[in-house]
Amino acid sequence: MPELPEVETIRRGLQPHLDGQIIKNITFNRDNLRTPITLGARQLIQGQTVSSLTRFGKYLFVNLSNAQTIVWHMGMSGTVRIYPQGPSEYEPKKHDHIVIETEAGATIAYNDPRRFGMFYIIPTDELSLHKPFSDMGDDALDYDTAILYEKLRLRKAPIKTVLLDQAVIAGLGNIYVCEALFKAGISPLKAANTMSRQKTKRLAEEIDKTLALAIENGGSTLKDHRLTDGSMGYFQHMFDVYGRAGETCPRCANDKKSINCIEQIKQAGRSTFYCPRTQKI
DNA sequence: CGGCAAACCTGCGAGC
DNA sequence: TGCTCGCAGGTTTGCC
């Protein structure tokens, strides 16, 4: 599910219920997700105050007053449900792997059927040195276009594949890469190292617009993603190309030039949706 | 090192 | 109705 807009939507939902709150209790209903849940995790988390709730790329960071940080990733199918009234209101669901109760009385449940998610704790000051983050690119909501251009210049793989690499830019996933490339009129097959400064700037503008609009709309619910109140995102209704193989893209529809122009292809094992007529190499 | 397939899991829809 | 197959928002590993 979660690319940057979905994770940011979850972060904003958690903010009023977790930031500044004391974690009274945390329950792990299994000892691993994608990564193991260490034995000491509960002791390090329980009783601590949340000093801030931040996001980097698709990762959520719950920073604690004891200088430890919970690194939280939603995998493919992770969702967070908040019950402000606490345990009396909480309805356990299958695949609720982690349940947090705050001193203020809220219950927060992490549900993840496919268990591709991650939830582990590391010292806050080691975050930037830590494995995935140490060589991750800038966050897709706050990056330098000139640096993006330099990174693209070093890669000859297709632009679609390169933008999915979190070391290039952090937070983009399959949906938003397809959508941004469409809006920028760039073919997903174009070699990254053939991107001009001008085209990179154009792409960056469309990435910015696409992510902002998606966040405004609560992210995209294909199947699993939910806001923390259980409601669905809305941005899936605004896709130009993702999941629309065989349909007509908005540009071609406007020009009355073609129908059924949207094609679905595979790149590095992932589906790509695009309009071959209007997305240029 | 770069690039790609496969693996990690469960659930769901399509087709038979 | 029920079975099998393929596919899904991501990341990591291992093999050319």
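Chain letters run A, B, ... following the sequence lines, proteins first, then strands; residues in each count from 1.
Across the protein-nucleic acid pair, A:Glu3 atom CD and C:dA8 atom P stand 13 Å apart, rounded to whole Å. Nucleotide C:dT12 holds its P atom 14 Å from the CG atom of A:Leu33, rounded to whole Å. The interatomic distance linking A:Leu222 (CG) with C:dC7 (C1') rounds to 12 Å, in whole Å. One can place CG of A:Leu164 at 10 Å from P of C:dG9, the figure rounded to the nearest angstrom. Put simply, CD1 on A:Ile169 is 13 Å from P on C:dT11, counting in whole angstrom units. The interatomic distance linking A:Met76 (CE) with C:dT11 (P) rounds to 10 Å, in whole Å. The interatomic distance linking A:Phe116 (CZ) with C:dT11 (C1') rounds to 9 Å, in whole Å. Between the C1' atom of C:dA8 and the NE2 atom of A:His225 lies a distance of 16 Å, rounded to the nearest Å.
Side-chain N/O atoms of A:Arg115 and A:Asn32 include no donor and acceptor closer than 3.5 Å. Side-chain N/O atoms of A:Asp19 and A:Ser52 include no donor and acceptor closer than 3.5 Å. Under the 3.5 Å distance criterion, with hydrogens and angles disregarded, a donor-acceptor pair is assigned to the side chains of A:Glu6 and A:Tyr176. A:Gln267 and A:Thr272 share a side-chain donor-acceptor pair at under 3.5 Å. When only modelled atom types and interatomic distance are considered, A:Arg226 and A:Thr79 share no side-chain donor-acceptor pair under 3.5 Å. With hydrogens and angles left out, the side-chain atoms of A:Lys94 and A:Asn111 include no donor and acceptor closer than 3.5 Å. Side-chain contact, A:Gln264 with A:Ser271: a donor N or O sits under 3.5 Å from an acceptor N or O. Side-chain N/O atoms of A:Arg11 and A:Gln15 include a donor and acceptor closer than 3.5 Å. Residues A:Gln48 and A:Ser65 bring a donor and an acceptor atom of their side chains to less than 3.5 Å of each other. Side chains of A:Tyr110 and A:Asn29: a donor-acceptor N/O pair is absent below 3.5 angstrom, by distance only.
Less than 4.0 Å separates DNA chain B from at least one heavy atom of each of the following residues of residues 127-159 of chain A: A:Arg155, A:Lys156, A:Ala157. Within residues 263-276 of chain A, the residues approached by DNA chain B to less than 4.0 Å at the level of any non-hydrogen atom are A:Ala268, A:Gly269, in residue-number order.
The gap from the P atom of C:dG14 to that of B:dC9 amounts to 15 Å, rounded to the nearest Å. For the C1' atoms, the distance from B:dG3 to C:dG9 is 22 Å, rounded to whole Å.
Contact annotation: A:Tyr59 does not reach the phosphate of C:dG10 (side-chain N/O to OP1 or OP2, under 4.0 Å). Applying the 4.0 Å criterion to OP1 and OP2 of C:dA8, one finds that A:Lys223 has every side-chain N and O outside that range.
Between A:Leu64 and A:Ile23 there is a side-chain heavy-atom pair separated by less than 4.5 Å.
For DNA chain C, the stems formed by at least three consecutive Watson-Crick or G-U pairs, with both atom-pair distances below 3.5 Å, span B:2-8 with C:10-16, B:10-16 with C:2-8.
Residue-level contact check: A:Tyr242 touches the backbone only, with heavy atoms under 4.0 Å from sugar-phosphate atoms and none from bases. Within 4.0 Å of A:Thr221, counting heavy atoms only, lies at least one base atom of the nucleic acid.
Taking Ile, Leu, Val, Met, Phe, Trp and Tyr as hydrophobic and joining them when side-chain heavy atoms fall under 4.5 Å apart, one finds A:Tyr149 isolated, its cluster having no other members.
Residues that satisfy the ring pair (Phe, Tyr, Trp, His ring centres under 6.0 Å) test with A:Tyr90, not counting sequence neighbours, are A:Tyr83.
Summarising the local packing, NZ of A:Lys190 is surrounded by more than 12 heavy atoms from other residues, nucleotides or ligands at distances under 6.0 Å.
The nucleotide range of DNA chain B contacted by chain A, defined by atoms under 4.0 angstrom from heavy atoms of the protein and reported 5' to 3', is B:dG3 to B:dC12.
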